[in-house]
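One structure below.
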Amino acid sequence: MRWWDLERVMELEEELFPEDAWSRGMFWSELAHARGRDATRHYVVAEDGPRLAGYAGLAVVDRTGDVQTIAAARDHWGTGLGARLLTDLLTAATAFECREVLLEVRVDNARAQRLYERFGFEPIGIRKGYYQPGNVDALVMRLADPATASAATASAATIANGEPTANTANTANTASTANTASTAHTANPANPATSVQGTETHG
């Protein structure tokens, strides 16, 4: 994800998360930490031709990854896009040498929870009233040792409607579409040479 993606990202963000959408400033703040040798963020978008099909982001603090957001446009639900985006984040977590990856998901979002469970995430707690203003609780989930788990992520991703996928760790600004097993405009801060929320997870 780069600054020029933000207009389309905000359109999808406000459509999918009308009650608790991130502001443009929040995305700018995240991207400010996604470049350079000391980067602690990894954000990626997926495109279907000229339109944005989805996006995802990971934050890293002290070798713990936190899935900040995963979003897939409604017409891409059930296509495996969410799984491909999550695979990309876990690949980045492995590059960051994360020992674990955490995320929060709405307790009423069973579809997203099933996706995370397929990747090995396990529930570890509840955060009361985490999603505001709806006052909806968040289920906290944890994936231990993503480096070990990442070897199985491609296989796990194929479970989503039986649609095969591929590793989505592409170089920055690679042209691709959401209908292929890839994503676009990847910014991998774990590798400065490459430069640098459907499924609902707002971290």
Side-chain angles (χ1 to χ4, degrees), residues 1-47 50-73 81-82 84-105 127 130-133 138 140-143 146-147 150 168-176 178 182-203:
M1 184 187 296
R2 303 298 291 275
W3 63 267
W4 54 77
D5 295 312
L6 287 185
E7 183 174 351
R8 294 181 303 163
V9 167
M10 289 306 302
E11 290 177 2
L12 188 55
E13 174 79 7
E14 291 168 1
E15 175 189 342
L16 294 176
F17 311 118
E19 289 190 345
D20 54 359
W22 282 11
S23 67
R24 187 181 299 268
M26 292 171 72
F27 278 105
W28 271 110
S29 178
E30 289 294 291
L31 292 180
H33 298 283
R35 302 290 302 275
R37 185 169 299 175
D38 298 323
T40 58
R41 302 293 191 272
H42 171 89
Y43 277 78
V44 62
V45 301
E47 293 179 323
R51 70 181 281 264
L52 187 75
Y55 54 90
L58 177 81
V60 177
V61 178
D62 193 25
R63 296 185 65 189
T64 293
D66 192 343
V67 176
Q68 298 290 86
T69 184
I70 298 181
L81 177 58
R84 293 195 290 275
L85 290 167
L86 182 55
T87 298
D88 183 90
L89 296 189
L90 295 183
T91 299
T94 300
F96 275 118
E97 299 182 346
C98 291
R99 293 169 294 194
E100 63 180 357
V101 176
L102 304 174
L103 60 81
E104 293 87 15
V105 58
R127 290 186 175 171
Y130 184 80
Y131 294 99
Q132 296 294 334
V140 182
M141 304 185 76
R142 174 179 181 267
L143 174 65
S150 64
T168 59
N170 298 327
T171 56
N173 302 318
T174 300
S176 56
S182 57
T183 55
H185 299 304
T186 302
N188 186 351
N191 182 358
T194 62
S195 70
V196 263
Q197 291 165 16
T199 299
E200 179 180 12
T201 297
H202 276 301

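Hydrogens, waters and symmetry mates are skipped; everything else that's a heavy atom, side chains included, is used.
Between L90 atom CG and L85 atom CG the span is 11.0 Å, to the nearest 0.5 Å. To the nearest 0.5 Å, atom OG1 of residue T91 and atom NE2 of residue H42 are 8.0 Å apart. Between the CG atom in L143 and the CG atom in L89 there is a gap of 11.5 Å [rounded to 0.5 Å]. Y131 contributes atom OH, which lies 12.5 Å from atom CD of E19 (distance to the nearest 0.5 angstrom). Rounded to the nearest 0.5 Å, atoms CG (D20) and CD (E13) are 7.5 Å apart. Taken from CG in D5 to OH in Y55, the straight-line distance is 11.5 Å, to the nearest 0.5 Å.
Every residue was checked against the salt bridge (charged side-chain N to carboxylate O under 4.0 Å, His left out) condition with R63, not counting sequence neighbours, and none meets it. Judged as a salt bridge (charged side-chain N to carboxylate O under 4.0 Å, His left out), and not counting sequence neighbours, E14 has no contacts. Contacts of R127 classified as side-chain contact (heavy atoms from CB on, under 4.5 Å), with partners at least two apart in sequence or in another chain: E104, Y130, A138, V140. Partners of E7 according to the side-chain hydrogen bond (donor to acceptor under 3.5 Å, both in side chains) rule, which considers only residues two or more places apart in sequence or in another chain, do not exist here. Checked against side-chain hydrogen bond (donor to acceptor under 3.5 Å, both in side chains), E100 has the following partners two or more places apart in sequence or in another chain: T64, R142.
Between the side chains of Y43 and Q68, no donor-acceptor pair of N or O atoms lies under 3.5 Å.
Panel note: side chain R51, backbone R8; no donor-acceptor pair is recorded below 3.5 Å.
Closest non-hydrogen pair, A147 versus T94, comes out as CA-OG1, 3.7 Å. Residues P146 and V101 approach most closely at CG-CG2, 3.7 Å, considering heavy atoms. Between R41 and F96, the shortest heavy-atom distance links the atoms O-CZ, 4.0 Å.
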*Given side chain to side chain contact (heavy atoms under 4.5 Å, CB included), test V9 with R24 step by step and report yes or no.*
CA-CA 9 Å; V9 167; R24 187 181 299 268; over 6 Å; no
_Run the side chain to side chain contact (heavy atoms under 4.5 Å, CB included) test on W3 and F27 for me, step by step, so that the C-alpha distance in whole Å, both residues' side-chain angles and the decisive distance to 0.1 Å come before the verdict._
CA-CA 9 Å; W3 63 267; F27 278 105; over 6 Å; no
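Annotation: side chain of V60 is not in contact with side chain of E97 (no heavy-atom distance under 4.5 Å).
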